[in-house]
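Structure, as structure tokens:
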Protein chains: 2
Amino acid sequence: MVRQPSVAAQNRPPLTRERIIEAALRIVDGQGLGRLTMRRLGDALEVEAMAIYHHLPRGKEELLDGLVAHVAVHPAQIGRTGRAADWRAALRGWAGDYRARLLEHAGVLPLVVTRRNPAALASTTASLREILRLAGLPERAAADGAHALLGYVIGHAALEVRGEAAGEEAVDWQARFTAGLELVLTGLAAQNPR
Amino acid sequence: MVRQPSVAAQNRPPLTRERIIEAALRIVDGQGLGRLTMRRLGDALEVEAMAIYHHLPRGKEELLDGLVAHVAVHPAQIGRTGRAADWRAALRGWAGDYRARLLEHAGVLPLVVTRRNPAALASTTASLREILRLAGLPERAAADGAHALLGYVIGHAALEVRGEAAGEEAVDWQARFTAGLELVLTGLAAQNPR
DNA sequence: ACCTGAACACCGTTCAAGT
DNA sequence: ACCTGAACACCGTTCAAGT
């Protein structure tokens, strides 16, 4: 497959950090994380692999960090209703969206779980904590609860992707996810003084 | 570093599947998953990398499956007390052990989350379901609850490894883990007819 | 500034060969 | 049966060179 460098270079959009990360996500979603290589990514962008390093100086590490940020940064909408009393509805909405996002990009789940990109989940966690605080939970309980929620959603998504069902027949994962979420919400409500 | 093949071959223990996986786990725990290569693993076992394939015909895939099984297979002790009423204590004990195991071998967490080795978590999930069933929960609630527990523990362990704390000062992860677990247990108790 | 081409030090895996 | 050595088709990344 031969490309004419000078001519083709005019016809394609300029290489940007964003275009690179989107193309990488497309490869991961379609072929799996194991097939994401700098050379293949270059092919997808109609560019030599080495051109990528000009936009992501830290190379593949920075690329993977970008994928995690693109998928895992998704704060809960605090003021969607404006009423703190709707905290359960807000959390249900966020959890459903977050789960869908993780399942849609299941290939990056192992990266979300790894140490990379420590700041990626921070904004999400902070938004959950704030919702619980506004709902009336003490500071400490709100912080603990935010992690319980995020941990549950990520962990359950991981089990879903694996199709881990311990010899059960057909499993309604959506219903199972919701049932587990309600367990956590029930526990949180029991801590709520209001 | 030169070895005398015939002599050294006599002095070292025979290569077995188990010895290979234990050596691999040592590398992952000490240096990280990224540094686990067949060649380095061979070095650690004082053997050429290619010798490993004789014991693990599916190669590195089989090696990683073995690591997951070694870490993630840890069923809850159902009959530790013999009394179903102690279901909460049994689950607390299991969760604490499982968390410790995952944190001890944090390098394999991304593998646990990946699709590999679908049977690895089955026995663990089944034991949790059985405890909840014996505690008096309906079949469906027991199955959902087992996944909620496993999902929470795995997800929270992943957050702990990342040290994900959204700009908080010092975090007592052990206490936070326990607090989140109690949320789930409270939710489960609310479903219990007894 | 942005991209290329060649090169380097690694990978996992095969395969024929040794004992 | 168990292990080795050489070889193959890949990797990520560097670096000097082009435009």
Side-chain angles (χ1 to χ4, degrees), chain A residues 1-21 23-24 27-28 31-68 107-108 110-111 114 116-117, chain B residues 1-21 23-24 27-28 31-68 107-108 110-111 114 116-117:
Chain A
M1 197 190 299
V2 182
R3 280 179 282 106
Q4 292 87 350
S6 51
V7 179
Q10 315 288 6
N11 291 9
R12 73 192 175 206
L15 210 54
T16 61
R17 217 189 113 91
E18 196 181 359
R19 274 192 68 227
I20 293 170
I21 289 174
I27 291 175
V28 172
Q31 313 180 240
L33 186 59
R35 287 188 58 83
L36 175 63
T37 70
M38 299 302 271
R39 284 168 165 91
R40 239 189 297 266
L41 182 55
D43 276 357
L45 293 161
E46 294 183 80
V47 125
E48 294 301 315
M50 298 73 202
I52 298 169
Y53 289 81
H54 200 269
H55 299 85
L56 290 85
R58 275 180 35 245
K60 196 166 188 184
E61 284 295 305
E62 191 171 353
L63 177 66
L64 299 181
D65 285 353
L67 289 180
V68 172
V108 310
L111 300 179
T114 317
R116 41 183 95 269
N117 206 354
Chain B
M1 198 191 297
V2 182
R3 281 179 281 105
Q4 292 87 350
S6 52
V7 179
Q10 314 288 6
N11 291 10
R12 73 191 174 208
L15 209 54
T16 61
R17 217 189 113 89
E18 197 180 0
R19 274 193 66 228
I20 292 170
I21 289 173
I27 291 175
V28 173
Q31 313 182 240
L33 186 59
R35 287 189 57 85
L36 175 64
T37 71
M38 299 303 271
R39 285 169 164 93
R40 238 187 298 264
L41 182 56
D43 276 357
L45 292 161
E46 292 183 82
V47 124
E48 294 300 315
M50 298 72 201
I52 298 169
Y53 289 81
H54 201 267
H55 298 87
L56 290 84
R58 275 178 38 245
K60 196 166 188 185
E61 283 296 304
E62 192 170 354
L63 177 66
L64 299 182
D65 285 353
L67 290 180
V68 172
V108 309
L111 300 178
T114 317
R116 40 185 97 267
N117 207 354

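Residue numbering restarts at 1 for every chain, and letters A, B, ... go by the order of the sequence lines. Atom set for the values below is all heavy atoms of this structure, side chains included, hydrogens, waters and symmetry mates excluded. Predicted model only: the values in this text are computed from it and were never measured.
- A:Arg40 comes within contact range of the sugar-phosphate backbone alone, with a heavy-atom separation under 4.0 Å but no base atom that close.
- A donor-acceptor pair is defined here as one N or O able to donate and one able to accept, closer than 3.5 Å; no such pair exists between the side chain of B:Arg35 and the backbone of B:Ile27.
- Among the heavy atoms of the strands, none lies under 4.0 Å from A:Leu45.
- Checking C:dT13, C:dG5, D:dT13 against every side-chain atom of A:Glu48, the shortest atom distance belongs to C:dG5.
- Residue B:Arg39 places no side-chain N or O under 4.0 Å from the OP1 or OP2 atom of C:dT13.
- Looking only at side-chain heavy atoms (C-beta outward), B:Thr114 and B:Val68 stay at 4.5 Å or farther from each other.
- Using a 4.5 Å heavy-atom cutoff, the side chains of A:Leu41 and A:Ile20 are in contact.
- Residue B:Lys60 comes nearest to B:Thr37 through the heavy atom pair NZ-CA, 4.3 Å, listed as atom of the first residue, atom of the second, then distance.
- In this structure, A:Glu46 atom CD and C:dT4 atom C1' are separated by 16 Å, rounded to whole Å.
- Contact annotation: the side chain of B:Ile52 never approaches that of B:Leu63 to less than 4.5 Å [non-hydrogen atoms, C-beta and beyond].
- The nearest whole Å value for the distance from the CG atom in B:Leu64 to the P atom in C:dT13 is 9 Å.
- Regarding A:Leu36, its CG atom lies at a distance of 12 Å from the C1' atom of D:dC11, rounded to whole Å.
- If you check C:dG12, C:dC3, D:dG12 against the side chain of A:His55, the one that comes closest is C:dC3.
- Among the atoms of the strands shown, none is found under 4.0 Å from any heavy atom of B:Leu56.
- Of the candidate nucleotides D:dT4, D:dT13, C:dT4, D:dT4 has the atom nearest to the side chain of B:Ala51.
- With hydrogens and angles ignored, the 3.5 Å screen pairs no side-chain donor or acceptor of B:Arg17 with any backbone N or O of B:Gly66.
- The 5' end of DNA chain C is approached more closely, in terms of each residue's nearest nucleotide, by A:His54 than by the other of A:His54 and A:Met50.
- A distance of 10.0 Å separates CG in A:Leu111 from CG in A:Asn117, rounded to the nearest 0.5 Å.
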Paired and unpaired positions of DNA chain C as dot-bracket, Watson-Crick or G-U wobble under 3.5 Å, | denoting a partner strand: ||.|||||...|||||.||
